[in-house]
Amino acid sequence: MHLVTLIPGDGIGPEITKAVTDIFAAAQVPIEWEEQNAGQTTFDQSGELIPNSLLKSLEKNKVALKGPITTPVGKGFRSINVTLRQKYDLYQNVRPSKTTAGIHTRYEGIDLVLFRENTEGLYSGLEVWDERLGIADAIARVTVEGSRKICRAAFAYAAKHGRKKVTLAHKANIIKMAGTLMLNACKEASNEFPQIVFEDKIIDNMCMQLVNKPEQFDVIVTTNLFGDLLSDLCAGLVGGLGVVAGANIGDNMAIFEAVHGSAPDIAGQGKANPTALLRSAIMMLHHLGEHAKADQIDKALEATLMNQEECTGDLGGKASTSQFAQSIIDKL
Ligand code: NAI
């Protein structure tokens, strides 16, 4: 039995985590959930954003499934997602995007995995506001060690999963120092993995190439901000934010969560697609060594995705979140 921390989160979080835990219960996955919450809802209820009991649970279990958490724009508290990623050095944000039979998009043959550096860059939280001069500085701190770790992780993943190529997306032509660290780190890692082709592309060209010919990409590695943007772009290529999974991975802990946010525009309406969080939970099962259960649930999900009627509105269907989950359960 695996003990896993479950963070339902805000907005659509509780609806999609319930769909996932229902599916896992039906599949008799050997997981005991330890539910702990964080975020806006928790703050409104208890006055705490990240309760100590959550941190203790994470430190004990070392694996978590997390729903999205709302972060106020421009003011208010700092992102809890970023805080957890930095506190536990979850330096890899791994986000696969793949075209799936049944999910309509104008593309085919996409099967890429994005490695986003998850703790540094413009998300370092180093901001200075000079009231007198009317100047705001946001420091994008990039370290040699951080760059080495994420680049090596991308190459090691490529080698382990039989992938052929790693593409670094950067802006080292303009951001001469910080941008070059990632470029050097990737060159170093590529020497260690000579069987993997290494290429680099400037981020603006990368965006155009991704929209124009996404099937050319295999593993992509990039800095925090570029990775945040590219992963939503990649989600758009393969069916939208409702279907793409993610994982925050460190050397000692892993938190699995969808790429999407708390979707306040559809929260509480039964419209949320649980696929993204379910796919994140399937990644978690592989991480826990539960490959057979992962494959069983994945097959039931893929079969449900083939029938548009059984899917949620974002995929052209009419089902609610719980009806979609029930269709997956029926196919287990
Ligand atoms: P969002 O990802 O929540 O929503 C963008 C659009 O995609 C919306 O139209 C939404 O309805 C749709 N969408 C997202 N997930 C969906 C799903 N599962 N099924 C169907 N449609 C879905 O991005 P937004 O609106 O920019 O952010 C909302 C909040 O979420 C913000 O407070 C933001 O800070 C937070 N956020 C949290 C993340 C996390 O906890 N990891 C990641 C991204 C954003």
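The residues of the chain are indexed from 1 along the displayed sequence.
Cluster annotation: I255 and V29 are assigned to distinct hydrophobic clusters (Ile/Leu/Val/Met/Phe/Trp/Tyr, side-chain heavy-atom contacts under 4.5 Å, transitive). Placement of V259 and M206 within a single hydrophobic cluster is found when ILVMFWY residues are connected by side-chain heavy-atom separations under 4.5 Å, directly or transitively.
When the shell of 6.0 Å around CD of Q195 is examined, it contains more than 12 heavy atoms from other residues, nucleotides or ligands.
W129 and E127 share no side-chain donor-acceptor pair at under 3.5 Å. Residues E290 and H2 have side chains that bring a donor and an acceptor to within less than 3.5 angstrom of each other. A donor and an acceptor atom, one from each side chain of E117 and T119, are located under 3.5 Å apart. Looking at Y91 and D251, their side chains do bring a donor and an acceptor atom within 3.5 Å of each other.
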- Residue pair L168, M182: steps toward the side-chain contact (heavy atoms from CB on, under 4.5 Å) verdict: CA-CA 8 Å; L168 167 70; M182 280 286 259; 4.1 Å; yes
- Intermediate values then yes/no, side-chain contact (heavy atoms from CB on, under 4.5 Å), V4 and E32: CA-CA 6 Å; V4 172; E32 195 182 311; over 6 Å; no
- Query: Can you check side-chain contact (heavy atoms from CB on, under 4.5 Å) on D200 and T167, steps first, answer last?
  - Reply: CA-CA 5 Å; D200 72 280; T167 307; over 6 Å; no
- Assess whether salt bridge (charged side-chain N to carboxylate O under 4.0 Å, His left out) is satisfied between E302 and R279, documenting all intermediate values. CA-CA 10 Å; E302 302 282 311; R279 283 181 161 167; 3.3 Å; yes
- Task: Applying side-chain contact (heavy atoms from CB on, under 4.5 Å), run through F324 and Q326 and close with a yes or a no.
- Result: CA-CA 5 Å; F324 188 10; Q326 189 56 49; over 6 Å; no
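In this structure, D89 pairs ionically with K149, as a charged nitrogen and a carboxylate oxygen lie closer than 4.0 Å. Between K18 and D22, at least one side-chain N (NZ, or NE/NH1/NH2) sits under 4.0 Å from a carboxylate O, which counts as a salt bridge. A salt bridge does not link R95 to E257: none of the charged side-chain nitrogens sits closer than 4.0 Å to a carboxylate oxygen.
Under the 4.5 Å side-chain criterion, counting only non-hydrogen atoms from C-beta, L210 is in contact with L112. Here the side chains of I220 and V113 are not in contact, with every heavy-atom distance at 4.5 Å or above. When side chains are defined from C-beta on, N224 does not count as touching V82, because their heavy atoms never get closer than 4.5 Å. For the pair L65/V20, a side-chain contact is recorded, criterion being any heavy-atom separation below 4.5 Å from C-beta on. Under the 4.5 Å side-chain criterion, counting only non-hydrogen atoms from C-beta, F115 is not in contact with V166. Contact check for F24 versus W33: side-chain heavy atoms found under the 4.5 Å cut-off. Between L230 and I203 there is a side-chain heavy-atom pair separated by less than 4.5 Å.
Panel note: side chain D10, backbone T70; a donor-acceptor pair is recorded below 3.5 Å. A donor-acceptor pair is defined here as one N or O able to donate and one able to accept, closer than 3.5 Å; such a pair exists between the side chain of T99 and the backbone of G109. Looking only at distances, a side-chain donor or acceptor of N37 sits under 3.5 Å from a matching main-chain atom of G9.
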Under 3.5 Å, which donor-acceptor pairs link side chains of residues 155-162 to any protein atom two or more places apart or in another chain?
{"residue": "H161", "atom": "ND1", "partner": "Y157", "partner atom": "O", "Å": "3.0"}

Run the side-chain donor-acceptor check on residues 233-243: report pairs under 3.5 Å with partners two or more places apart or on a different chain.
none

Would you be so kind as to tabulate the donor-acceptor pairs closer than 3.5 Å made by side chains of residues 211-218, with sequence neighbours excluded?
{"residue": "Q216", "atom": "NE2", "partner": "Q209", "partner atom": "OE1", "Å": "2.8"}
{"residue": "Q216", "atom": "NE2", "partner": "K213", "partner atom": "O", "Å": "3.1"}
{"residue": "D218", "atom": "OD1", "partner": "R163", "partner atom": "NH1", "Å": "2.8"}
{"residue": "D218", "atom": "OD2", "partner": "K164", "partner atom": "N", "Å": "2.6"}
{"residue": "D218", "atom": "OD2", "partner": "K165", "partner atom": "N", "Å": "3.2"}

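Distance check, rounded to the nearest 0.5 Å: CG of L3 to OG of S57 gives 7.0 Å. Here the straight-line distance linking atom CG of L225 with atom CG of L122 works out to 5.5 Å at 0.5 Å rounding. Taking CG from N81 and CD from Q86, the interatomic distance works out to 11.0 Å, rounded to the nearest 0.5 Å. Residue D228 holds its CG atom at 11.0 Å from OG1 of T222, rounded to the nearest 0.5 Å. Taking CD1 of I249 as the start and CE of M284 as the end, the distance is 12.0 Å to the nearest 0.5 Å. With rounding to the nearest 0.5 Å, the separation of NZ in K201 from CE in M208 is 9.0 Å.
Legend: salt bridge (charged side-chain N to carboxylate O under 4.0 Å, His left out) pairs involving residues 319-332, not counting sequence neighbours, sorted by first then second residue: E310-K331. Within the structure, salt bridge (charged side-chain N to carboxylate O under 4.0 Å, His left out) pairs that include any residue of residues 168-193 comprise R148-E188, R152-E192, K171-D204 (at least two apart or interchain). Sorted by first and then second residue, the ring pair (Phe, Tyr, Trp, His ring centres under 6.0 Å) pairs involving residues 243-282 (not counting sequence neighbours) are F256-H287.
The only option from E34, Q36, E35 that meets the side chain to side chain contact (heavy atoms under 4.5 Å, CB included) definition with L6 turns out to be E35.
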